[in-house]
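First the structure, in the form of structure tokens, and then the observations on it.
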Amino acid sequence: MSQPVKESPLMEKISSLCKRRGFIFQSSEIYGGIAGFWDYGPMGAELKRNLRDLWWRAMTREREDVLGLDATIIMHPAIWKASGHVDTFSDPMADCLLTQKRFRADHVDLQSGMVFRFTGASGDEGTASAVAFAVLVPPGKPRESALKVAKQFYEQRGVKNAVVLGGEQGEKVENTRGFNPENGAQLTEPRPFNLMFKTYVGPTATEADVAYLRPETAQAIFAQFKNVLDTSRQKVPFGICQIGKAFRNEVTPKNYTFRSREFEQMELEFFIKPDEAVAAVCGSVAEWSESADLSVPADNWGWEMWHRYWVAQRTAFYQSIGLGADVLDYYWQTGDDLAHYARACVDILFKFPFGTEELEGIAARGDFDLTQHQTHCGKPQEFFDEELKAAVSGWDEAKRAEFVAVKTAEFRAKAEAAAAKAKRAATAEELAAAVARAEHWSARFFTGNYVPHVIEPSAGLDRLALAVLCAAFCEEDKADVNGKVERRTVLRFHPRVAPVKVGVFPLLKNRPELVAKAREVYAMLKPLMNCFYDETAAIGRRYARQDEAGTPFGVTIDFETLGEKGPELADTVTVRERDNGAQHRVKIAELKGWLLERLA
RNA sequence: GCGGGUGUAGUUCAAUGGUAGAACACGAGCUUCCCAAGCUUGAUACGUCAGUUCGAUUCUGAUCACCCGCUCCA
């Protein structure tokens, strides 16, 4: 899926343009910067705001079935315990001292054998090292193989033709994770690697006061699911969306703003009926096929149709802001990529200059998240479905027993699969717990209650802004009036996302009538759209400046406007299009409508 | 976190152990009837901190940041 480009001078051009034109600055630049943090300048702030507003409009304002939420960044730490972030975001990591390869310290295979500990090495030309190093040799292998690895280690550190010191006697060790299974070289001490930013709430700053900056916005939606459900008169299926900052202490922020430590997410959790409920109410669940109509949701849609629907919706959104099929790609996660709770996940990828990388993930997460919170907080996170209750009330004992049996088999299989992943068999307790869960699940189901399943389109706003910038970036060579070829840079933003919509220029600035008229037009347009007034330099230069800023239209007040070229042209202006230089004469009275039509 | 590379005006690049220069961009003025024209003029830089030195942007070290590769990445 990823196709790395060797060097990316294009990316450098884009980042220097972003700085030059006030799109993106390094955070805290005057103090030398801070890795993984970026600021948006005046143009970038407008661009981002446009993208944010367009997403919000498409996701909630234009829909009946999605509501907005604006939750805090710091939440109860138990949320991150329930979501799994506390455990999986704080992996201890260890590096191989020889190859620098990194391991999850708790995932290194257990090994036994003889450990040889070396105290250093001396070599030719007075080179030496006093760094301690150890090698594990599997049972039966000679000491020489340890010496070989150690020699390599010391020679890497500049000891020429190293003679290894110490390690005459091996020491028997069992079940250690301290050595690289591939070459026996010693690993560094495990270091905790918590990707969540930690802080303290309240004045005492003890371990009891630890809180985290959210590493994703999604959990707030799950945590407020019940409140939204209870106060909004919505029925499943419906969604809750949110835009906001999230924080991850990334090991390596890279590719400009693509992987940052502070970033903005736009997430939707769309809650749907479990397939069992759809089947009970509608008789069957719609099957997805290539020819399926995804335009209007239907009652008999199960998770798969909903998942496909959201992929189509999101694709249409990208299309609407100028990111078409030519710059997008899709990656359907399978098997091992897929998180254990996910049923399916599609990444929508954008062809960045540095490779094709994820813009948005659309996951079918089952009922994992709400179930986790239900378990941890002890409060039901269920939806009571009248239709389901009515549908199952007619079921006889045999049908119910059959349902419970199917559910039980499913829960048992899940428990076994989880155990298999940890390379062991499921215990009797685990299987009994699975059966109990299946019975409870079924019992709730027969009363019309279930924990909704969820489809999660999760997009990165900063990534989207970067993608839009990359897609818009365009250089063309053009000869000027003297025939000198000059390279012009144009940001071909879709008018919807362009930070500045229109530039207003008097043709000449030393003609007060032109300037006065231009100020008038500017004042007229300013309340309706972001405009920019410019009277300095030649008109061509002003056009070029706006091209580089991605402004789609330029309005020039000229002598025709003043009626000097005949009364029929009085009070008309020249409107110039950024992408092809085409000029139109538009009456000032019709200018607002003309522009708004093209910006919509 | 590891390995390699790079840090000089806003940008792209020079030069230099002793006063740092250009192009473009930017500001002001003049000029200019449609695509970076011209003239005058102005402001702006050695990432940071140490060390060596009479003197460091230059040499050394550390640090910070960026880029590439690993690693990581719900």
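Given the structure is predicted, the values throughout are model-derived calculations rather than measurements. Residue numbers start from 1 in every chain, and the chains themselves are labelled A, B, ... in the order their sequence lines are given, proteins ahead of strands. FYI, side chains are in, hydrogens and waters are out, and symmetry mates aren't considered; it's all heavy atoms of this structure.
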Restricting to ring-ring contact (aromatic ring centres under 6.0 Å, His included), what partner residues turn up for [X], sequence neighbours left out?
X	value
A:Trp303	none
A:Phe258	A:Phe352, A:Phe354
A:His307	A:Trp332
A:Phe225	A:Phe271

### Sequence neighbours excluded, every pair satisfying ring-ring contact (aromatic ring centres under 6.0 Å, His included) that has a member inside residues 559-581 of chain A
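Counting only pairs at least two positions apart or across chains, no ring-ring contact (aromatic ring centres under 6.0 Å, His included) contact touches residues 559-581 of chain A.
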
### Task
Could you pull out all residues at least two apart from A:Thr315 that satisfy side chain to side chain donor-acceptor pair (under 3.5 Å)?
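Listed in chain order: A:Tyr330.
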
### Task
Under the side chain to side chain donor-acceptor pair (under 3.5 Å) rule, collect the residues that match up with A:Thr257, sequence neighbours excluded.
none

### Closest contact, heavy atoms only, A:Gly361 versus A:Asp347
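Reported closest heavy-atom pair: CA-OD1, 3.8 Å.
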
### Message
Can you pull out every side chain to side chain donor-acceptor pair (under 3.5 Å) where at least one residue sits in residues 25-35 of chain A? Sequence neighbours excluded, please.
### Response
A:Lys19-A:Glu29

Using a cut-off of 4.0 Å on non-hydrogen atoms, how would the nucleic acid contact of [X] be classed: base, sugar-phosphate, or nothing?
X	answer
A:Leu17	nothing
A:Phe505	nothing
A:Gly22	nothing

### Query
Do A:Lys254 and B:C68 have a side chain to base donor-acceptor pair shorter than 3.5 Å?
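Such a pair does not exist between side chain and base.
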
### Query
With centres under 5.5 Å and planes under 30°, do A:Tyr543 and B:C34 count as stacked?
no

### Task
Using a 4.0 Å cut-off on protein heavy atoms (strictly under), produce a 5'-to-3' string for nucleotides 26-32 of chain B with B for base contact, S for backbone-only sugar-phosphate contact, and - for none.
SSSS-BB

At a cut-off of 3.5 Å, list every protein nitrogen or oxygen paired with a nitrogen or oxygen from nucleotides 4-13 of chain B, distance to 0.1 Å.
residue: B:U11; atom: OP1; partner: A:Lys19; partner atom: NZ; Å: 2.9

### Query
Quick one: stems for RNA chain B, with Watson-Crick or G-U pairs under 3.5 Å, at least three in a row?
B:1-7 with B:64-70, B:10-13 with B:21-24, B:26-30 with B:38-42, B:47-51 with B:59-63

#### Entry: A:Glu264: side chain to side chain contact (heavy atoms under 4.5 Å, CB included) partners, not counting sequence neighbours
A:Lys48, A:Arg52, A:Ile243, A:Lys245, A:Leu461, A:Asp462

